[in-house]
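What follows is a single structure, written as structure tokens, with notes after it.
No hydrogens, no waters, no symmetry mates; every other heavy atom, side chains included, goes into these values. So that the names make sense, note that chain A is the first sequence line, chain B the second, and so on, each numbered from 1.
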Amino acid sequence: MIISDLHPWNLAPRDAAALQRQLAAQVVVKDHLPPEVRQVAGVDVSYKKHGKMFFAAVSVLSFPDLEPLSRATAQGLSEFPYIPGLLSFRELPIVLEAFRRLPQAPDVILVDGQGIAHPRRLGLASHLGLWLGVPTIGCAKSRLCGEHPAPGKDKGDAVPLRDGEDTLGTVLTTRTGTRPLYVSPGHLIDQRRAVEITLACCRRYRQPEPTRSAHLLSNELRRAAADLPS
DNA sequence: GCGACAG
DNA sequence: ATCTTGTCGC
């Protein structure tokens, strides 16, 4: 896995925001997925209530059958606090460590967070995509910015997420009867493909299989590192 | 000043 | 995100 253009993570909030504006200009919102998508990865991070211990997990599934192919994990500390809009400075370092442990880069990555549906157009998914040079999709469970009408109740129903003249993403119902997901391009992919891939990864749960799998794995890590007695 | 606010 | 048990509903 090749990483390029490293930059510090211990920045003051103001500097982090300035860096985001700089990086956002490099985000590519065009379809650069390979002709045949065969590997889809999901990534998620878990940690303790007031602790600094983080647990990242990456789960790679085959596409479109969604069978387990490989996985990688990493754990470490983080000093950066949670500040809406600056999530990547808190979680990306440990996520990148997990990706370094993957034998091979997947064709596309689903992230539990926003892509360009961000105040400065650089959510966690976009930031990760830039670092890895791999197509990414933001699949957030709630809204960070932008406005939209309520989408339909059935799986596949969708409405655009907008901010003035900009279309930031798609508010997509991924499972009938559940709250929608906020899908937006991360990097190297366009709106249409982002929704297409995400929907193809949804089976019987609101969360796409890749991120759902990573979520379960990161939770196992946290629990294993936590409770010793029984 | 007030409300909003990914994970 | 995390702290937490059972419980109402499809």
Side-chain angles (χ1 to χ4, degrees), chain A residues 9 13-14 16-17 20 23-24 27 42-58 73-96 98 109-130 136-148 153-155 161-164 166 168-187 194 198 203-208 210-227:
Chain A
W9 298 101
R14 175 173 178 168
Q20 291 184 318
L23 296 175
V27 173
V43 58
D44 189 47
V45 177
S46 66
Y47 36 85
K48 297 186 176 183
K49 57 177 180 180
H50 289 163
K52 304 172 182 175
M53 194 69 85
F54 284 58
F55 305 85
V58 177
T73 63
Q75 55 182 287
L77 301 79
S78 181
E79 294 295 331
F80 207 95
Y82 170 67
I83 299 174
L86 299 180
L87 182 63
S88 62
F89 290 86
R90 177 178 168 79
E91 302 188 345
L92 208 44
I94 191 62
V95 165
L96 291 173
I109 304 168
L110 270 59
V111 182
D112 195 332
Q114 312 290 353
I116 61 172
H118 177 281
R120 292 169 293 283
R121 310 295 185 262
L122 194 85
L124 177 61
S126 297
H127 205 159
L128 174 64
L130 281 177
T136 56
I137 300 172
C139 297
K141 299 183 296 303
S142 60
R143 187 192 69 86
L144 173 58
C145 66
E147 304 161 345
H148 67 86
K153 196 73 171 179
D154 299 320
K155 179 177 182 179
L161 174 64
R162 305 196 183 95
D163 180 23
D166 304 330
L168 306 180
T170 303
V171 183
L172 179 70
T173 297
T174 55
R175 181 188 175 178
T176 301
T178 65
R179 291 159 47 210
L181 236 46
Y182 291 74
V183 180
S184 62
H187 184 48
T198 297
R203 289 292 182 261
R204 54 178 300 194
Y205 301 99
R206 178 169 83 121
Q207 198 79 180
T211 51
R212 175 186 161 66
S213 176
H215 184 44
L216 294 175
L217 182 54
S218 65
N219 273 328
E220 288 178 20
L221 262 188
R222 177 176 56 69
R223 295 170 61 180
D227 43 69

Legend entry - A:H127 and A:W9 aromatic ring geometry - parallel, tilted or perpendicular at 30°/60° bounds: tilted
Inset, instruction - Just call it for A:L92: base, sugar-phosphate, or nothing, with non-hydrogen atoms closer than 4.0 Å on any strand. - result: nothing
Legend entry - Distance, rounded to the nearest Å, where A:L161 contributes CG and B:dA4 contributes P: 18 Å
Inset, instruction - Report yes if at least one side-chain N or O of A:S142 is closer than 4.0 Å to OP1 or OP2 of B:dC5; otherwise report no. - result: no
Legend entry - Presence of A:K48 side-chain N/O under 4.0 Å of C:dC3 phosphate oxygens OP1/OP2: no
Inset, instruction - Please determine if a side-chain N or O atom of A:K141 lies less than 4.0 Å away from the OP1 or OP2 oxygen of B:dA6. - result: no
Inset, instruction - Take the protein atom CZ of A:R179 and the nucleotide atom C1' of B:dA6, then report the distance between them rounded to whole Å. - result: 12 Å
Inset, instruction - Whole angstrom is fine here: how far is it from CD in A:Q114 over to P in B:dC5? - result: 11 Å
Legend entry - Residues A:D166, A:R121; criterion side chain to side chain contact (heavy atoms under 4.5 Å, CB included); working and verdict: CA-CA 10 Å; A:D166 304 330; A:R121 310 295 185 262; 3.1 Å; yes
Inset, instruction - Provide the closest heavy-atom pair for A:Y47 versus A:R222 in the form atom of the first, atom of the second, distance. - result: O-CD, 3.4 Å
Legend entry - Short side-chain N/O contact to B:dA6 OP1/OP2 from A:R90, under 4.0 Å: no
Inset, instruction - Mark yes or no for whether A:T211, through its side chain, and A:L110, through its backbone, hold a donor-acceptor pair below 3.5 Å. - result: no
Inset, instruction - Could you tell me the separation between the CG atom of A:L122 and the CG atom of A:L130, rounded to the nearest 0.5 Å? - result: 6.0 Å
Legend entry - Given B:dC5, B:dG7, C:dA1, the nucleotide with the shortest approach to the side chain of A:L87: B:dG7
Inset, instruction - Compare side-chain N and O positions of A:Y47 against OP1 and OP2 of C:dT2 and report whether any pair is under 4.0 Å apart. - result: no
Legend entry - Phosphate OP1/OP2 of B:dC5: any A:R143 side-chain N/O under 4.0 Å: yes
Legend entry - Spacing between A:E91 atom CD and C:dA1 atom C1', to the nearest angstrom: 8 Å
Legend entry - Whole-Å distance separating the CZ atom of A:R121 from the P atom of B:dA6: 16 Å
Inset, instruction - Remember a base hit wins even if backbone is also touched, and classify A:G85 as base, sugar-phosphate or nothing at under 4.0 Å, heavy atoms. - result: base
Legend entry - Distance test, side-chain N/O of A:N219 to OP1/OP2 of C:dA1, below 4.0 Å: no
Inset, instruction - Could you check how far CG of A:D163 sits from P of B:dA6, rounded to whole Å? - result: 15 Å
Inset, instruction - Could you say whether the aromatic ring of A:Y182 and the base of B:dA6 stack, counting only centre distances under 5.5 Å and plane angles under 30°? - result: no
Inset, instruction - Starting at atom CG of A:L172, determine the distance to atom P of B:dA6, rounded to an integer number of angstrom. - result: 19 Å
Legend entry - Rounded distance (Å) that lies between atom C1' of C:dT2 and atom CG of A:D44: 13 Å
